[in-house]
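Some notes on the structure that comes next.
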Amino acid sequence: MSVDICKLDGQDGKGLPIHVPQNVGFLETYRYIMEDAADPRVANWWLMGSPFPLLGIISLYLFFVLRLGPLCMKNRKPYNLNKIMICYNIFMATTSGSVFYGLLTSGFTTRLSLGCEPHIISNDPESYRMARWMWRLLILKIIELGDTIIFILRKKYNQASFLHIYHHTSTVLLAWIACKFVPGGMWTFTIMPNCIVHVIMYTYYLLACLGPEVQKRIAPWKQYITGLQMIQFIIMICHALQFLLPSCEPNRKPVAYIYVSQMFIMFYLFCDYYKKSYSRKKME
């Protein structure tokens with residue numbers, strides 16, 4: 001059995017040689033990915049030891065929004081969840097802002113640039129705090145699945161679209177991958193534009209809960225929020241594509257391919273939604 005030796009950053013940024021066996025079975029490959037290739041600091045945090053608990057949450061979410069929820073609501077009137085939605089939107093806007101501030105002050109205001117920054121496993125206070133904020137982001141993205149559950153309980157099935165469900169599901173998975181393998185370096189930057197957009201988006205949803213008059217006044221701004229989401233993906237793609245430069249050698253390059261491919265998919269889906277929702281209305 002042949003063996004390759006690769007470098008994995010160790011504690012406090014020191015190189016840690018890892019022997020990666022080639023042509024091994026599934027269990028050995030799984031163990032290597034989940035243990036040797038992962039960030040050891042997050043191993044014992046909730047949901048981070050194995051992907052299966054998270055996959056279970058996502059499976060329950062999909063089962064409810066695609067099958068069980070609509071079936072249960074078939075002969076029921078839509079629930080009036082206005083007060084719950086007000087509290088939910090305040091919470092989501094506030095926590096999104098908190099995650100943005102937490103990530104920003106965990107390196108980007110001191111030693112991290114907007115350039116190609118490698119992920120370094122370190123227990124220094126700033127690096128460890130960045131990892132903790134990435135874990136909090138994962139929890140926030142799981143809570144965001146509540147968006148779709150609220151749609152189902154209000155029988156707003158048109159809002160639980162393929163774009164919406166795919167976006168929420170893929171975001172949770174990406175957040176887990178980021179926390180598990182790269183909770184630091186250049187890969188954490190992409191989270192910050194997303195948090196800013198979510199502060200604006202959930203503030204818009206909060207205002208929409210205040211009655212028909214307010215909804216009428218803010219309705220024209222909805223398309224601009226969608227446009228802002230598209231701009232967000234452009235910023236994230238441009239920043240992440242740095243890994244293609246010969247001078248850029250961030251750790252965990254496979255994560256870069258996952259990140260960028262998902263950003264392109266989301267950008268395409270949001271562009272398609274924008275054209276169908278707003279461009280056609282202008283033509284009419």
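Everything numeric here is computed off the predicted structure, so don't read it as measured data. In this chain, residues are counted from 1 in sequence order.
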Tell me if a side-chain donor or acceptor on [X] pairs with a main-chain N or O of [Y] at a distance below 3.5 Å.
| X | Y | value |
| --- | --- | --- |
| Ser161 | Asn158 | no |
| Ser261 | Tyr257 | yes |
| Lys180 | Met48 | yes |
| Thr188 | Gly185 | yes |
| Glu35 | Tyr32 | no |
| Arg31 | Asp36 | no |

Single-linkage hydrophobic cluster [X]~[Y], side-chain heavy atoms < 4.5 angstrom:
| X | Y | answer |
| --- | --- | --- |
| Tyr101 | Ile191 | no |
| Met134 | Ile57 | yes |
| Trp187 | Ile265 | yes |
| Leu71 | Leu60 | no |

* Whether over 12 other heavy atoms sit under 6.0 Å from Tyr30 OH ->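 Check passes, neighbour count above 12.
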* **side chain to side chain donor-acceptor pair (under 3.5 Å) involving Tyr205 - partner list, sequence neighbours excluded** => none
Supply the atom-to-atom distance [X] [atom1] to [Y] [atom2], rounded to the nearest 0.5 angstrom.
| X | Y | atom1 | atom2 | answer |
| --- | --- | --- | --- | --- |
| Ile143 | Met92 | CD1 | CE | 6.5 Å |
| Ile258 | Leu174 | CD1 | CG | 8.0 Å |
| Ile196 | Asn194 | CD1 | CG | 9.5 Å |
| Leu163 | Ser277 | CG | OG | 9.0 Å |
| Gln232 | Met201 | CD | CE | 9.0 Å |
| Gln215 | Lys222 | CD | NZ | 10.5 Å |

* **Ring centers of Phe151, His164 separated by less than 6.0 Å** => yes
* Listed once per pair and sorted, the side-chain hydrogen bond (donor to acceptor under 3.5 Å, both in side chains) pairs that draw on residues 52-65, sequence neighbours left out ->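 Matches after skipping sequence neighbours: Tyr61-Thr148.
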* Evaluation steps, salt bridge (Lys or Arg N to Asp or Glu O under 4.0 Å), between Glu144 and Lys141 -> CA-CA 5 Å; Glu144 279 184 13; Lys141 293 305 176 183; 3.3 Å; yes
Under a 4.5 Å cut-off applied to non-hydrogen side-chain atoms, are [X] and [Y] in contact?
| X | Y | result |
| --- | --- | --- |
| Val197 | Ile231 | no |
| Thr95 | Arg136 | no |
| Ile152 | Pro70 | yes |
| Trp133 | Tyr128 | no |
| Met34 | Phe181 | yes |
| Met130 | Pro183 | no |
| Ser96 | Leu140 | yes |
| Met73 | Arg154 | no |

* What residues, two or more places apart in sequence or in another chain, satisfy side-chain contact (heavy atoms from CB on, under 4.5 Å) together with Asn82? ->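 Asn82: side-chain contact (heavy atoms from CB on, under 4.5 Å) contacts with Asn80, Ile86, Cys209.
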* Using the ring-ring contact (aromatic ring centres under 6.0 Å, His included) rule, pick out the option among Phe267, Tyr259, Tyr268, Phe270 that qualifies with Phe233. => Phe270
* **Derivation and outcome, side chain to side chain contact (heavy atoms under 4.5 Å, CB included), residues Val42 and Trp135** => CA-CA 8 Å; Val42 309; Trp135 179 79; over 6 Å; no
[X] side chain to [Y] side chain, donor-acceptor N/O pair below 3.5 angstrom:
| X | Y | result |
| --- | --- | --- |
| Tyr166 | Gln262 | yes |
| Thr110 | Glu126 | yes |
| Asp147 | Tyr88 | yes |
| Ser127 | Arg111 | yes |

* To do: Go through the steps for Tyr202 and Phe91 under the test ring-ring contact (aromatic ring centres under 6.0 Å, His included), then give the verdict.
  => CA-CA 9 Å; Tyr202 283 108; Phe91 173 80; 9.6 Å; no
* Which one of Ile218, Asn89, Val199 satisfies the side-chain contact (heavy atoms from CB on, under 4.5 Å) criterion with Tyr204? ->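 That would be Ile218.
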* Asked: So, is the end of the Arg132 side chain (NZ or CZ) under 6.0 Å from the ring centre of Trp45 and within 45° of the ring's axis?
  -> yes
* **CA sep, side-chain torsions, deciding dist, call: Ile84, Tyr79, side chain to side chain contact (heavy atoms under 4.5 Å, CB included)** => CA-CA 11 Å; Ile84 292 176; Tyr79 287 103; over 6 Å; no
